Student: 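First the structure, then my questions, so here it is.
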Amino acid sequence: MKYPRTFSPLQIGSLHLRNRIAMAPMTRRKAAEDGIPTHEITAYYRRRAANEVGLIISEGTAIDNTHAFDTKTVPRFVTNDQIAGWRHVVEAVHKEGGAFAPQLWHCGRLAENPIGPMEDTPPAKADGTPRPTVRPMEAADFDQVLAAYKHSAKKAKEIGCDALEIHGAHGYLLDSFLSETTNQRNDLYGGSVENRMRFPLQVVDVVREAVGPDFPIIYRFSQWKVDDYREIKFKTPSDLETWVRALVKHGVDILHVSTRNVLDPGFADHGEKPLAVWAQELSGLPTIGVGSIAVTLPMDQTRSGVEGAISDPSPALALLEDGSLEMLAVGRSLIANPDWVPQVREGHWKDLAPYSHELLEELV
Ligand SMILES: Cc1cc2nc3c(=O)[nH]c(=O)nc-3n(C[C@H](O)[C@H](O)[C@H](O)COP(=O)(O)O)c2cc1C
């Protein structure tokens with residue numbers, strides 16, 4: 001076999017995976033308006049599990065806060081009915097031999113009714129719609145949001161999820177605390193790096209408290225954010241080291257480093273090493289890399305109507321084969337190709353379908 005390590009089983013703590021390929025979290029906005037995952041959503045995840053995806057990471061699913069989601073059709077992870085919907089998804093994925101991790105999401109300053117570190121007005125959406133001004137979080141907001149993370153984390157464990165992912169990327173709530181451009185608070189939650197890390201790490205702490213010592217926590221972070229693809233949050237390897245070591249100290253089990261192209265050099269003047277590889281080296285934690293695997297369309301042109309081509313996944317898979325990374329997540333190519341794993345494992349990547357934005361219209 002061309003990729004023996006990629007397609008062999010992996011054990012990370014209590015998490016057993018049949019291979020090293022994860023489905024990247026991808027918002028689909030197709031839940032019922034009360035945030036309940038539908039049968040179509042269950043079938044969509046089951047289809048990927050039936051086609052041998054090792055770990056299914058759900059689309060961002062909102063915690064219990066009116067500011068946590070940006071559309072009513074974003075699924076939520078709060079009420080008994082919503083949790084029952086997710087239980088169906090977990091059972092379906094397990095039945096097909098896959099593992100499942102919900103991605104817990106708070107939209108923060110990019111919500112319809114936004115809260116965040118400070119008062120600011122994020123740039124208009126890609127379609128020109130202006131975004132509302134962000135209300136700075138107060139003490140009661142911090143308490144409520146932490147309690148909401150704790151609740152959802154507890155439920156994730158209760159319904160048999162294999163892990164959970166904290167969405168700390170892309171300019172949403174937790175990322176906006178980490179970033180010095182969107183966090184200029186002058187209290188304990190802003191200013192120094194230690195202060196900017198404080199709230200995301202408090203979230204890790206309450207999640208750990210909720211799930212106990214053995215349940216795997218994945219933390220997803222990024223350099224870029226939805227409203228600024230060029231932001232550089234970690235300017236040097238040392239900045240990254242401070243952050244990932246803090247995540248280690250607070251008990252995160254797996255890092256998920258969201259980059260637009262997994263192969264891009266992590267830093268402008270430190271050689272070719274990708275950011276996720278830096279993160280794995282500096283943290284010693286198993287790390288998931290992601291971005292432009294088997295697709296050529298750059299992330300910021302995803303909505304442009306341009307149809308991308310497919311590309312050879314081998315250079316990315318080489319990072320798994322040589323141990324530079326423990327896992328890779330595949331996003332758009334797995335929307336276009338539910339059977340991505342067998343196609344690539346059997347050497348048929350040239351038969352993969354290209355991704356186009358229209359594919360988001362339906363859950364297939
Ligand atoms: C339609 C769509 C929805 C996405 N939603 C999320 C999300 O809910 N949470 C998240 O962390 N990333 C989200 N992303 C980013 C993906 O997880 C992934 O990092 C990105 O698509 C790059 O991987 P790819 O090139 O394999 O698609 C989304 C991407 C797409 C295309």
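Counting convention: from 1, in listed order, for ligands and their atoms alike. Only a predicted model underlies this, so the values are computations on that prediction, with no experimental measurement involved.
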Student: Which atoms of ligand 1 sit under 4.0 Å from any heavy atom of V290?
Tutor: 19 (O), 23 (O)
Student: List the residues meeting ring pair (Phe, Tyr, Trp, His ring centres under 6.0 Å) with F177, not counting sequence neighbours, and say none if there are none.
Tutor: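 Scan of F177 (ring pair (Phe, Tyr, Trp, His ring centres under 6.0 Å), adjacent residues dropped) gives F142, F199.
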Student: Using a 3.5 Å cut-off on N or O atoms only, is W105 in polar contact with ligand 1?
Tutor: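 For ligand 1, there is no N or O atom that lies under 3.5 Å from one belonging to W105.
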Student: Within the 3.5 Å criterion, strictly below it, is a donor on S324 or Q280 matched to an acceptor on the partner's side chain?
Tutor: no
Student: For ligand 1, is S333 a contact, meaning one of its heavy atoms is under 4.0 Å away?
Tutor: no
Student: Decide whether the shortest distance between a heavy atom of S292 and an atom of ligand 1 is less than 4.0 Å.
Tutor: yes
Student: Taking distance alone, with no angle check, do R260 and ligand 1 share an N/O pair under 3.5 Å?
Tutor: no
Student: Can you tell me how far the CZ atom of F69 sits from the CG atom of D64, to the nearest 0.5 Å?
Tutor: 9.0 Å
Student: Mind checking whether R28 contacts ligand 1 via backbone (N, CA, C, O), side chain (CB onward), both or neither, at a 4.0 Å heavy-atom cut-off?
Tutor: neither
Student: Would you say that P25 contacts H167 through its side chain, given a criterion of any heavy-atom pair below 4.5 Å between the two side chains?
Tutor: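 No. Closest side-chain heavy atoms not under 4.5 Å.
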Student: If you link ILVMFWY side chains whenever their heavy atoms are less than 4.5 Å apart, which other residues fall into the same cluster as V134? By chain and number, please.
Tutor: none
Student: Does an N or O anywhere in E59 fall below 3.5 Å from an N or O of ligand 1?
Tutor: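 No, there is no polar N/O contact under 3.5 Å.
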Student: Hey, what's the ring geometry for W86 with Y45, parallel, tilted or perpendicular (30° and 60° as the breaks)?
Tutor: tilted
Student: Which ligand 1 atoms, with their elements, are less than 4.0 angstrom from a heavy-atom of G60?
Tutor: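 Here the atoms of ligand 1 in question are 8 (O).
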